[in-house]
Number of protein chains: 2
Amino acid sequence: MATGRTHRPATRSRGIPEATVARLPLYLRALTALSERSVPTVSSEELATAAGVNSAKLRKDFSYLGSYGTRGVGYDVEYLVYQISRELGLTQDWPVAIVGIGNLGAALANYGGFASRGFRVAALIDADPAMAGTPVAGIAVQHTDDLDRIISDNGVSIGVITTPPGAAQQVCDRLVAAGVTSILNFAPTVLSVPEGVDVRKVDLSIELQILAFHEQRKAGEDAAAEDEGAPPMRATPAGRKGPDGDMPAVMPA
Amino acid sequence: MATGRTHRPATRSRGIPEATVARLPLYLRALTALSERSVPTVSSEELATAAGVNSAKLRKDFSYLGSYGTRGVGYDVEYLVYQISRELGLTQDWPVAIVGIGNLGAALANYGGFASRGFRVAALIDADPAMAGTPVAGIAVQHTDDLDRIISDNGVSIGVITTPPGAAQQVCDRLVAAGVTSILNFAPTVLSVPEGVDVRKVDLSIELQILAFHEQRKAGEDAAAEDEGAPPMRATPAGRKGPDGDMPAVMPA
DNA sequence: ATGCCTTTGTGAACGCGTGCACAAAGATAG
DNA sequence: CTATCTTTGTGCACGCGTTCACAAAGGCAT
């Protein structure tokens, strides 16, 4: 069980709470919009509503970065944009490799939100030899066989996995072996990575399932038992446990 | 400020913590995999590692659902699959409409993970008249003008927004007016919705930015100031605040 | 039937995140 | 220069989520 860790960054990140880090991009986006409208300063109240958060939370978040901001006035937009960008590491160029050029991979390759934030799609990689050379979003797809070299040559440290679930772990291992230390995983798989490698997971169907839960709570509850097909009471398919007739514990709740 | 709320479900959801709900799909996936391998029972320890979580957390999560599980043995896989599915509302059919059939919308329409979880893509909607009628993932794209009727006719209560950011709020309003009460938003926009409507947000570039932050912490820190272009010290572009010469507070940290 | 062994279910402690509420800080007007 | 007004920055309290650790519960062997 040496390589079990997943998803939690081990290093607590120099005092800035993880929850705050997750909100910084939100602030940055709102600030960028203000900057484009040439708004010079903004109060915590205004910026908070623009970002969809509480103003107290926003101020506390900023306090972790330092005392940017002028009492009685607010925050200087340009200055704050720069500070947050720097804190997030967006002042440097991040070459990104996308592995698995299916529908989703292609969509990500075309996604504009990356380039505008300092992320550059440096390579597209797929296991299908037929795709090799095909341009997607203006970039030629390369074959998995060359993964190692591609990662090294481009200095890629962030990899995006959009492969089928069965291939995800293998691709992940190869990426890590090639030097990738941050992975954004779209495959519905739990990835095992060595210490020091960060994995973030985006699962499209999970989000829908969470919505369905709340949706059921909203609409349902009154129409409680709709049709109610027979719950699979087969706690003992054939193998173990109970040759003692039927299972009584079918309706525990 | 009547329609300000976003993202937080107001109803606390009958005692099941939000964090637990968010993990149920994870457990469900792991259990489904076990089920396909015809594994009859599983211990909290095994299931926890398969789902990538702590075993104590898993047991506590399940305790909110009720006392399914047998001490000394573990959990019956099939039974648990059913219970979690029911709790999440996946035993019923959820017609989903996707609005904005660009690269991402098309990718989602083709995504297999939806259908296998009880979600059915009932309609694809786009504002481009040229796309109307075009089949995507076997479904003909319909025009935004008919959005209202499409939602009603199909009984859609969950909408997915994959439009450009500028159109997101408008589409959102129309979806809500048509009866949608849950929205999965892929556009980088803060949506305003009335009370009772749930919004979940998936932002691809935010995830990358969070990774970049940790990446910078890992690799950087020693190579602290790389090239360091001039930080925008223009705290006063022209308008307000300070005709008092230069700003001293350029390097507060 | 009895005792051992495994695994669940949960009480309790702890730590993180959130929100309140206010004092300190600075701008602005007189 | 003084008073007033605005807005930040933060100490504090509270609640949620996580984790530990163990008693209760059940299976299984003898």
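Worth saying up front: this structure is predicted, and the values here are computed from it rather than measured. In what follows, chains are A, B, ... by sequence order, proteins preceding strands, each numbered from 1.
Taking side-chain N and O atoms only, A/Arg23 has a distance below 4.0 Å to OP1 or OP2 of C/dT18. Dashed line: the shortest gap from a side-chain N or O of A/Tyr75 to OP1 or OP2 of D/dG9 is under 4.0 Å. In terms of phosphate contacts, A/Ser44 brings no side-chain nitrogen or oxygen within less than 4.0 Å of OP1 or OP2 of D/dT7. Not one side-chain nitrogen or oxygen of A/Lys60 sits closer than 4.0 Å to the OP1 or OP2 atom of D/dT10.
When each of D/dG27, D/dT10, C/dA27 is scored by its nearest atom to the side-chain atoms of B/Val73, the top-ranked nucleotide is D/dG27. Of the candidates D/dG9, C/dT18, D/dT19, the closest approach to any side-chain atom of A/Lys57 belongs to C/dT18. Considering only the side chain of A/Ser43, D/dT8 comes nearest among D/dT8, D/dT19, C/dG17.
Taking atom OH of residue B/Tyr64 and atom P of nucleotide C/dG11, one finds them 11 Å apart after rounding to whole Å. Straight-line distance from the CG atom of B/Asp76 to the P atom of D/dG26: 16 Å, rounded to whole Å. When rounded to the nearest whole Å, the span between CD of B/Glu18 and C1' of D/dC16 equals 12 Å. In this structure, B/Glu46 atom CD and C/dT7 atom C1' are separated by 11 Å, rounded to whole Å. Distance B/Asp61 CG to D/dT18 P: 7 Å, rounded to the nearest Å. Atom-to-atom, CG of A/Leu58 to P of D/dG9 comes out at 10 Å; the value is rounded to the nearest Å. When rounded to the nearest whole Å, the span between CZ of A/Phe62 and C1' of D/dT7 equals 14 Å. Atoms CD (B/Glu45) and P (D/dC20) sit 11 Å apart, rounded to a whole Å.
Looking at B/Glu87 and A/Arg217, a side-chain N of the basic residue comes within less than 4.0 Å of a carboxylate O on the acidic one, giving a salt bridge.
With DNA chain D read from its 5' end, the first of the two nearest nucleotides for A/Gly72 and A/Ala56 is the one closest to A/Gly72. Nearer the 5' end of DNA chain C, as judged by each residue's closest nucleotide, is the contact made by B/Ser63, out of A/Arg59 and B/Ser63.
With hydrogens and angles ignored, no donor-acceptor pair under 3.5 angstrom links the side chain of B/Arg71 to the base of C/dT7.
The closest side-chain donor-acceptor pair between B/Ser205 and B/Gln209 falls under 3.5 angstrom.
Annotation: side chain to side chain donor-acceptor pair (under 3.5 Å) contacts of B/Thr189 (sequence neighbours excluded): none. Listed by chain and residue number, nothing satisfies the ring-ring contact (aromatic ring centres under 6.0 Å, His included) test with A/Phe186 (two or more places apart in sequence, or in another chain).
In this structure, B/Gln83 contributes its side chain and B/Leu65 its backbone to no donor-acceptor pair below 3.5 Å.
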